[in-house]
2 protein chains.
Amino acid sequence: MSNLKQLAEITRLPILTVYQALEGQASVTAAVRQQVQTAATSLDYTLNITIRDVAALADVSVGTVSHVLNGNTRTRPETRQRVLQAINDLNYRPNSMARGLKSNHTRLIGYGWHKTEDPGRPNALLDRFLYDMAQAAEAWGYHILTFAQPSQISLKRYDELIQTTRIDGLVLTDINYHDERVRYLLKSGVPFVAFGHTNEDWDFPSVEVDGRLGMKLAVEHLIARGHERIGLLCWPEGMRIGDVRVQGYIDVLAAAGIPLYKPWIVRIRNSVDHAFLATQQLLAAHPRPTAIACTNDVMALGVKRYLNQIGLEAGIDVAITGYDDTPIAELVELTSIRQPIDMVAAKVIEILIGEIEGKPVPRRNILLEPTLVVRASSRTQR
Amino acid sequence: MSNLKQLAEITRLPILTVYQALEGQASVTAAVRQQVQTAATSLDYTLNITIRDVAALADVSVGTVSHVLNGNTRTRPETRQRVLQAINDLNYRPNSMARGLKSNHTRLIGYGWHKTEDPGRPNALLDRFLYDMAQAAEAWGYHILTFAQPSQISLKRYDELIQTTRIDGLVLTDINYHDERVRYLLKSGVPFVAFGHTNEDWDFPSVEVDGRLGMKLAVEHLIARGHERIGLLCWPEGMRIGDVRVQGYIDVLAAAGIPLYKPWIVRIRNSVDHAFLATQQLLAAHPRPTAIACTNDVMALGVKRYLNQIGLEAGIDVAITGYDDTPIAELVELTSIRQPIDMVAAKVIEILIGEIEGKPVPRRNILLEPTLVVRASSRTQR
DNA sequence: ATGAAAGCGCTAACAT
DNA sequence: ATGTTAGCGCTTTCAT
């Protein structure tokens, strides 16, 4: 294989002309295009602009081109200008793999997630989160590599990606107490940042949205609307994300001087059907709650469905709040708690790139605040 | 920098022992670990297994290792075995960038998408589609690189990814007539596959789900349930995906001998609110329709909301069908049309990899069939 | 300020 | 059947 310069020598044409001829640009006459084509064919050359072509056109060494590319050493403005011009003329883009091979990084961030059988899992927000991460990463010259994480968490996937130098770091979501991925990554020293956290005694970079505050907002809102008998639908114990939200409920009631009433707290699996049944149970309690807070939107939907079935209306007869403000919440006019996903994504990326590039940011653990979005399901004053 | 073999020579230890010592494995005594550590430090060596280390341990050349790695030439079973053993012992994984630099491919597939302001856009299915693609790609040794596609489509993003050799090919979704991305990619010769299609006269690989059939299924179902006055809520004209679905509606009515009644066809923008208003309009028509088919689930939600507001019940008073079977459909018990997303993803990947590797599959344009999912919103016989 | 050259880890053509 | 070696395109010392 040859390069542009050789072609230029053979055809006795300027390098730039050769390039333009190969690109089929109209600025070059058909005759010249033909001539260059022939020469290229005979040399078995296919157009592929490298740093060497740029160097040849700018009449400098490849080292100099690399320098202006990376803004390292100062280059004489005039030289720099020539190089930039050549880069522009040839529409040159550095080969990411050659770059990576040399400098041993990929500028790729891995993100794996589960298939969500269960439409209500936190990653119903995945679309937004992933998009926002991709966007944030691009500003730093990074991209996101997504991979499928089988529901039975397999460290093998992570190991593979790391060992093959596919990625520089990882983003973790849906983590829980003693998450084995966190344990593994901590041990192997691979840069990563988690959306959420595990047990407090593990130290690793993370971005969290304050779940206790979120639930607090929801329940305070219900109280402000005149409710005092407030039920809670929550996930089974043992999930950090759920436990934190339940704590918010407990806190607010305590602060308001409303005693906790056990029959009003129902722990269920995350589905519309379970929530439907739980609502039936809740409304059979004595006294019956006038409002129901849920640890996520899916459960709230189940509540709503049961209410409809027995002829009650959400927001009028019984107030409901969901959590996560998934798109569905807006569609069915459900009051919910919104997480600042774009902020989470931006922070996750910022912290991760700090870890990757060996310049850790000062605050590696961020706690963001959710906000309350009031809709018809709880708007009415009691 | 040095390698394992040199360390082994200096310490007069077997290569494998040196590796295990560096890994801190318990099979090596603390004393030896210490000795190796010291030697490594003095040589400024950091553990990084390359093909050369494997070759040294298996006592073959790097060429041989590469051969067994790529299954090219036949190697003597015994040699092959030794190499495999060494790879295993050292937990060796080839560096993806070195591999890519040499062979000029990344084994990365680009996928860009819009932020969906509008929760009802087709890519509400993104979560599933992306996951399924990632999964399918992994079976071929590929991964997905996701990037943010600003809503104002900019070819620059695509160009950048291609020119920097970031990706081997692309997957396109949400395409429309005369899509400029398709035009650009077609011209530049970059491998790509689209989910959906543009004008018929453009020839490029694609996977589509038959929208005409989908709507046909929905309307036939309504007719079978005893409906004859069927309204249609659809997107504005000019979107291929919508036009095709409308055609399905027209076809079925024609086949059933039901004349088309213009006031029952309402073209609106894709939102709950627009659908809400359109339903009001539809129900004011004379005669009023007894069923409403929608070109997607979001609109169906708007219909449902209006019905509820005026005290009618979906499925009892007026039948409703949605389209796309987004998670929301199940949650609100909405009859909908399901697209076989997993099949789409698998086919898209299969075709794309065929294009990338220069072995195009025979059928580059696939038309898949959607299925009807009947739920409470249309189950009742009239 | 710029150039020359080594080499990142791998593949594949060629040699033995 | 296996070994040797020349790059892939880039970054980065080290000279000049």
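Residue numbering restarts at 1 for every chain, and letters A, B, ... go by the order of the sequence lines. Not measured: the values here are computed from a predicted model.
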Tell me, which pairs form a side-chain hydrogen bond (donor to acceptor under 3.5 Å, both in side chains) where one or both residues lie in residues 8-17 of chain B, sequence neighbours left out?
none
When the distance from CG of Asn70(A) to C1' of dA1(C) is rounded to whole Å, what number comes out?
17 Å
Asn48(A) CG - dC10(D) C1' separation (whole Å)
13 Å
Counting just side-chain N and O atoms, does Thr50(B) come under 4.0 Å of either OP1 or OP2 of dG9(C)?
no
Only counting residues at least two apart or in another chain, list the ones meeting side chain to side chain donor-acceptor pair (under 3.5 Å) with Gln81(A).
none
Residues in contact with DNA chain C, drawn from residues 86-105 of chain A - heavy-atom cutoff 4.0 Å
Leu101(A), Lys102(A)
Checking Ser42(A) now: which residues fulfil side-chain contact (heavy atoms from CB on, under 4.5 Å) with it, not counting sequence neighbours?
none
How close or far is atom P of dT2(D) from atom CD1 of Ile51(B), stated in whole angstroms?
15 Å
Can you check the Arg52(B) CZ to dA6(D) C1' distance for me, whole Å?
13 Å
Just grab all the salt bridge (Lys or Arg N to Asp or Glu O under 4.0 Å) pairs involving residues 155-166 of chain A, residues at least two apart or on different chains.
Arg157(A)-Glu138(B), Glu160(A)-Arg93(B)
Can a side-chain donor-acceptor contact be found between Thr38(B) and Thr41(B) if the only test is distance below 3.5 angstrom?
no
Euclidean distance, atom CG of residue Asp44(A) to atom P of dG7(D) [Å, nearest integer]:
15 Å
Residue set satisfying side chain to side chain donor-acceptor pair (under 3.5 Å) with Ser206(A), at least two apart, ordered chain then number -> Asn365(A)
Does Gln20(A) have any side-chain contact (heavy atoms from CB on, under 4.5 Å) partners at least two apart in sequence or in another chain, and if so, which?
Leu16(A), Gln25(A), Ser27(A), Val28(A)
Give the rounded distance in Å between these two atoms: CG of Asp53(A) and P of dC10(D).
9 Å
Distances under 3.5 Å between nitrogen or oxygen atoms of protein and nucleotides 2-4 of chain C:
unit_1 : atom_1 : unit_2   : atom_2 : d
dT2(C) : OP1    : Thr79(A) : OG1    : 2.2
dT2(C) : OP2    : Arg76(A) : N      : 2.7
dT2(C) : OP2    : Thr79(A) : OG1    : 3.4
dG3(C) : OP2    : Ser61(A) : N      : 2.6
dG3(C) : OP2    : Ser61(A) : OG     : 3.1
dG3(C) : OP2    : Thr64(A) : OG1    : 2.7

With sequence neighbours left out, what residues match Pro205(A) under side-chain contact (heavy atoms from CB on, under 4.5 Å)?
Val193(A), Ile351(A), Glu355(A), Arg364(A)
State which residues pass side chain to side chain donor-acceptor pair (under 3.5 Å) with Ser188(B); sequence neighbours excluded, sorted by chain then number.
none
Arg107(B) atom CZ is separated from dG9(C) atom C1', nearest whole Å, by 17 Å
Return yes if a side-chain donor-acceptor contact under 3.5 Å exists between Gln6(A) and Tyr45(A), otherwise no.
no
Residues at least two apart in sequence or cross-chain that pass side chain to side chain donor-acceptor pair (under 3.5 Å) with Lys347(B), listed by chain then number, are Glu350(B)
Could you state the atom-to-atom distance from CD of Gln81(B) to P of dT2(D) in whole Å?
13 Å
At what angle, to 10 degrees, do the two end axes of the helix from dA1(C)-dT16(D) to dT16(C)-dA1(D) meet, given five pairs define each axis?
40°
